[in-house]
Amino acid sequence: MSFDQLRQSLAEVHSGLSDARAHTDRAKDLLEEYRRVMVDAQVQAQPWLPPQLGRALEQLETDTGRLAGAGELLSNYEARL
């Protein structure tokens with residue numbers, strides 16, 4: 001693999017990471033909107049929220065951190081080239 005091919009491949013990986021971050025951010029926004037809708041619909045002191053919602057939001061936070069870390073690693077690797 002030539003240096004230019006490696007750079008192109010890294011650019012494609014960066015693009016994929018950016019797309020994944022955008023999808024993760026959108027999923028988080030949708031889940032938070034769902035939470036607001038559930039709370040508003042129930043209008044009670046202790047609204048019921050499905051336990052999976054909290055876990056899904058936590059997982060998305062973890063995934064967001066992992067994607068950011070992968071992006072940093074790629075940037076560091078690319079800078080060393």
Side-chain angles (χ1 to χ4, degrees):
M1 176 180 281
S2 73
F3 186 70
D4 288 335
Q5 289 172 323
L6 178 59
R7 283 205 177 270
Q8 182 179 359
S9 293
L10 287 172
E12 290 173 9
V13 171
H14 275 292
S15 176
L17 282 172
S18 293
D19 290 346
R21 278 189 221 115
H23 289 293
T24 300
D25 290 344
R26 179 67 178 138
K28 182 180 175 189
D29 290 343
L30 288 171
L31 284 172
E32 287 173 346
E33 182 179 338
Y34 169 73
R35 182 193 314 214
R36 283 189 299 276
V37 167
M38 291 293 291
V39 169
D40 290 346
Q42 293 179 35
V43 189
Q44 45 181 283
Q46 293 289 349
W48 176 85
L49 295 172
Q52 296 88 347
L53 178 61
R55 289 192 297 268
L57 285 167
E58 288 173 11
Q59 185 62 50
L60 283 172
E61 286 294 327
T62 299
D63 292 348
T64 299
R66 286 181 180 162
L67 290 170
E72 288 176 24
L73 288 172
L74 279 171
S75 293
N76 290 339
Y77 177 73
E78 196 170 21
R80 287 188 230 152
L81 293 176

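Numbers here simply count residues along the sequence, with the first being 1.
The distance from the CZ atom of Arg26 to the OG1 atom of Thr24 is 12.5 Å, given to the nearest 0.5 Å. Note that CG of Leu10 is 12.5 Å distant from OG of Ser15, once rounded to the nearest 0.5 Å.
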If you look only at distance, which donor and acceptor atoms sit under 3.5 Å apart when one is on a side chain in residues 31-40 and the other is two or more places apart or in another chain?
none

Would you list the atom pairs, donor with acceptor, under 3.5 Å between side chains in residues 57-78 and any protein atom, with sequence neighbours excluded?
unit_1 : atom_1 : unit_2 : atom_2 : d
Gln59  : NE2    : Asp63  : OD1    : 2.9
Glu61  : OE2    : Lys28  : NZ     : 2.4
Thr62  : OG1    : Glu58  : O      : 3.1
Thr64  : OG1    : Leu60  : O      : 2.8
Ser75  : OG     : Gly71  : O      : 3.0
Asn76  : ND2    : Glu72  : O      : 3.4
Glu78  : OE1    : His14  : NE2    : 3.1

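With hydrophobic clusters built from ILVMFWY side chains whose heavy atoms lie under 4.5 angstrom apart, Leu49 does not share a cluster with Leu30.
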